[in-house]
Amino acid sequence: MNLVSTLYVMALSGCAVAAVAALLAPPRARLHLAGWCMAGAGGLGAAAGVAAVMSFGSSWSAWLPELLPLAGVRLAIDPLGGVFIAVTGVVAVCAAIYGIGYCDHGLDGRVFQSVLPLFVAAMLLVPAAASVSTFLLAWELMAVSSLLLVLAEHRRRAAVGGAGLWYAVMTHLGLVTILIGLVAFAAGAGGESFEQLRAAALSPAARTVVFLATFAGFASKAGIVPLHVWLPRAHPEAPSHVSALMSAAMVNMGVYGVVRVGLDLLGGGPAWWWLLVLAAGAASALFGILQAVVASDLKRLLGYSTTENLGLVLVGVGAAGFFAASDQPVLAALALAAALLHVVNHAAFKTVLFLSAGSVLHATGTRDLDALGGLRTRLPYTTAVFAVGALCASALPPGNAFVSEWLLLQSLIHALPGSGVAGAVTMPLAVAVIALSAGLAVATFVKAFGVGFLARPRSAEAERASESPPTMLGAMALAVAGCVALALAPTLVVPALGRVVGVVFPGRDVVSGELTLRLAGVSGMISPLLIAVALLAAVVAVLGLVRVTASRRARRAARLWDCGAGPMSARMEYTATSFAEPLQRVFDDVLAPESDVDVTPTKESTYLVERVRFHARVPDRIEHRLYDPLIAAVSAVGRGARGLATGSVHRYLGYGFWTLTAALIVLVVLW
């Protein structure tokens with residue numbers, strides 16, 4: 001066993017120990033034992049992933065025939081899988097430490113605490129699977145364990161059950177499409193190991209079927225439009241550290257699947273495959289950020305932000321596949337490196353944001369931005385953490401998302417001179433999508449931070465808020481440290497991403513010359529470190545100037561002019577709804593908002609009004625236009641099918657006879 005295998009096995013063993021500790025430990029010690037064991041397992045997993053990316057030791061693979069009937073379990077860790085293992089491990093460390101304080105009231109049961117490390121173990125297994133059966137087994141374990149975690153608080157809120165139902169249906173439909181694609185792939189290859197799949201010589205039609213089927217399933221897991229409908233439901237209703245694991249780690253497995261199957265196992269494909277991926281990513285980025293900018297539920301806003309960022313990642317993956325098909329290897333490598341860097345950056349800042357949102361929920365009991373406000377004085381540490389996450393998510397310098405989105409723009413812009421007609425049409429549109437989504441992201445997180453944390457509290461819950469326990473604050477500080485490191489020193493990650501891209505595009509020097517300079521992102525005026533130093537110097541200079549100026553003048557308390565209205569009240573502030581209303585008007589045709597005015601007259605006269613209520617909501621238009629009719633049709637079929645169940649045994653035997661006859665006829669025709 002080499003270093004990678006030793007660390008990886010220890011990480012899986014740590015997850016098992018955490019699950020056993022959660023089942024057997026007494027209630028007082030359960031949270032600490034399970035939490036710290038899972039944190040240790042996450043740290044070992046992160047170390048194993050980093051070691052695999054940096055190629056410490058020889059490559060590792062294992063076949064365990066006794067663990068799974070017929071096929072056995074095949075595992076292998078290469079630099080591509082190592083990136084996703086490392087990201088999962090780091091997020092698991094933060095979530096485990098955070099959960100010690102967060103779960104102290106109502107989530108300290110044996111089942112929940114034992115399923116959480118199994119979920120982490122499943123996410124560590126997916127990137128290491130080296131055969132179809134092992135991959136599908138790990139994928140299903142990840143889906144089932146995450147579903148149980150989403151349903152953890154179903155007794156407290158009725159909405160949790162509905163969110164769990166949506167998630168269960170969508171994730172298992174995605175599994176079915178992945179199963180169809182990979183089984184067809186294995187049948188054509190004459191074997192199920194990834195080595196056999198790479199060597200398979202499938203027909204173009206079969207390759208297309210495999211790619212489209214698997215892409216649909218992986219896009220569903222990544223929350224890509226129009227398969228995203230589970231995500232803004234499940235993320236808000238899950239416990240906050242579970243939301244962080246799902247949004248910062250689990251959805252990445254959808255990206256991993258697209259890269260592994262499309263670029264690695266299938267070896268790329270025609271350009272239209274990747275234009276489809278790019279288009280799906282661009283649509284998701286725009287739709288996700290538009291829904292986020294009008295959302296007033298803090299965790300729902302973050303859920304739609306995940307759809308936006310995973311859409312940007314798929315824009316990079318699609319561009320990489322398109323450039324590879326167009327024989328532009330340097331641009332393909334740059335686009336894929338930018339996409340993988342954004343996976344890492346998104347995991348960092350989304351962990352920060354979901355954990356700080358959980359701190360707000362823990363302190364106030366509400367996620368409604370319209371009912372918050374004034375948290376800056378009551379939750380100072382949480383406010384600072386959320387501010388860092390909001391800056392990073394806004395793709396502004398010196399935030400870490402700025403680096404990866406800038407690199408993605410670099411790959412798209414440099415493609416324009418020689419990318420052909422298709423590239424000349426799609427690449428400018430992709431650049432416009434990234435620019436628009438970045439601008440809307442700034443508005444989204446200005447709204448979330450300004451409305452939620454500044455000004456005056458707009459509810460009694462916000463007024464009574466108090467800071468979170470030390471373990472929650474420590475986990476948030478750890479995630480912030482990761483964001484700061486990625487923002488100020490992206491060159492620490494870039495060489496490793498070069499090795500990963502070299503696995504996907506073998507035989508190409510992707511870490512030399514001009515490409516290295518672009519990946520590093522430190523040339524000229526775009527150096528994050530220089531930008532951060534300049535901003536810090538500017539802030540210090542301004543504060544010093546204010547202090548010097550104020551010291552020369554006598555200070556006098558004076559009431560500011562208030563137009564005769566008296567002191568400002570909470571009702572005079574912007575709410576999340578009113579802040580987003582101008583943008584909602586701009587994108588009215590896309591968002592299709594709904595509003596209603598309910599006027600209640602007095603009992604004495606219909607001309608006198610007792611109460612006026614205004615209701616406004618912005619529904620998910622894709623869900624309204626696509627899923628609602630589909631659900632209605634399925635429900636109608638179900639109601640009609642009730643007539644088949646008459647209780648007659650003779651009729652049931654007839655059903656079986658005619659079904660068997662039809663199946664035999666089909667087999668004879670096919671034979």
Side-chain angles (χ1 to χ4, degrees), residues 236 240 289 291-302 304-305 349 352-394 396 399 439-468 472-473 476 480 535 539 542-543 546 550 555 557-586 613-618:
S240 295
I289 199 61
Q291 289 291 331
V293 80
V294 297
S296 58
D297 185 310
L298 181 57
K299 291 181 68 177
R300 188 177 178 88
L301 179 152
L302 297 179
Y304 275 118
S305 171
F349 69 71
V352 170
L353 289 170
F354 265 114
L355 295 186
S356 53
S359 180
V360 171
L361 180 61
H362 183 271
T364 64
T366 182
R367 308 186 306 252
D368 186 5
L369 287 170
D370 289 340
L372 295 175
L375 299 180
R376 179 176 60 86
T377 57
R378 293 160 179 82
L379 306 177
Y381 299 108
T382 300
T383 301
V385 169
F386 192 91
V388 173
L391 174 64
C392 293
S394 300
L396 294 174
L440 291 173
V442 173
T444 298
F445 287 100
V446 167
K447 177 191 77 173
F449 182 71
V451 173
F453 292 87
L454 305 182
R456 298 176 183 272
R458 288 181 292 277
S459 65
E461 292 82 0
E463 290 181 347
R464 294 193 299 265
S466 59
E467 194 56 272
S468 299
M472 294 172 63
L473 297 178
M476 290 189 288
V480 166
L535 288 175
V539 170
V542 170
L543 291 177
V546 170
R555 295 185 179 183
R559 181 176 173 181
L560 297 178
W561 182 52
D562 54 16
C563 303
M568 300 289 287
S569 67
R571 295 193 63 185
M572 299 177 182
E573 301 171 4
Y574 271 106
T575 62
T577 303
S578 60
F579 185 94
E581 198 268 344
L583 286 172
Q584 178 181 308
R585 286 180 178 271
V586 172
R613 284 188 175 181
F614 177 76
H615 306 273
R617 61 187 295 265
V618 182

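The figures here come from the full heavy-atom set of this structure, side chains too, leaving out hydrogens, waters and symmetry mates.
Residues in residues 364-391 take part in these ring pair (Phe, Tyr, Trp, His ring centres under 6.0 Å) pairs, two or more places apart or across chains: Phe386-Phe453.
Atom CG of Leu302 sits about 10.0 Å away from atom CZ of Phe349, to the nearest 0.5 Å. Remark: Ser356 OG to Leu298 CG distance equals 7.5 Å, nearest 0.5 Å. Rounded to the nearest 0.5 angstrom, Ile289 CD1 and Leu583 CG are separated by 10.5 Å. Distance OG/Ser240 to NE2/His362: 10.0 Å, rounded to 0.5 Å. Note that CG of Leu375 is 8.5 Å distant from OG1 of Thr382, once rounded to the nearest 0.5 Å. Between Asp370 atom CG and Arg458 atom CZ the span is 6.5 Å, to the nearest 0.5 Å.
The two residues Ala448 and Leu301 come nearest to each other via the heavy atoms CB-CD1, 4.3 Å. The minimum heavy-atom distance between Thr366 and Leu361, with the atom names listed, is N-CD1, 3.6 Å. When all heavy atoms of Ala371 and Ala462 are compared, the closest pair comes out as O-CB, 4.0 Å. Closest heavy-atom contact between Leu369 and Gly452: CD2-CA, 3.9 Å. Closest heavy-atom contact between Arg367 and Asp297: NH2-OD2, 2.9 Å. A pairwise comparison of heavy atoms in Val451 and Ala576 identifies CG1-N, 3.5 Å as the closest pair.
Of the possible donor and acceptor atoms, one in the side chain of Arg378 sits under 3.5 Å from a partner among the backbone N and O of Glu463. Listed for the Lys447 side chain is no donor-acceptor partner under 3.5 Å among the backbone atoms of Ser296. Looking at Arg300, its side chain never comes within 3.5 Å of a backbone N or O of Gln291 through a donor-acceptor pair.
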**Study point:** Criterion side-chain contact (heavy atoms from CB on, under 4.5 Å) on Phe579 and Val293, from CA distance to verdict
**Key:** CA-CA 9 Å; Phe579 185 94; Val293 80; over 6 Å; no

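For Ser578, the side-chain hydrogen bond (donor to acceptor under 3.5 Å, both in side chains) partners at least two apart in sequence or on another chain are Thr575. Shown here are the salt bridge (charged side-chain N to carboxylate O under 4.0 Å, His left out) partners of Arg617, two or more places apart in sequence or in another chain: Glu594.
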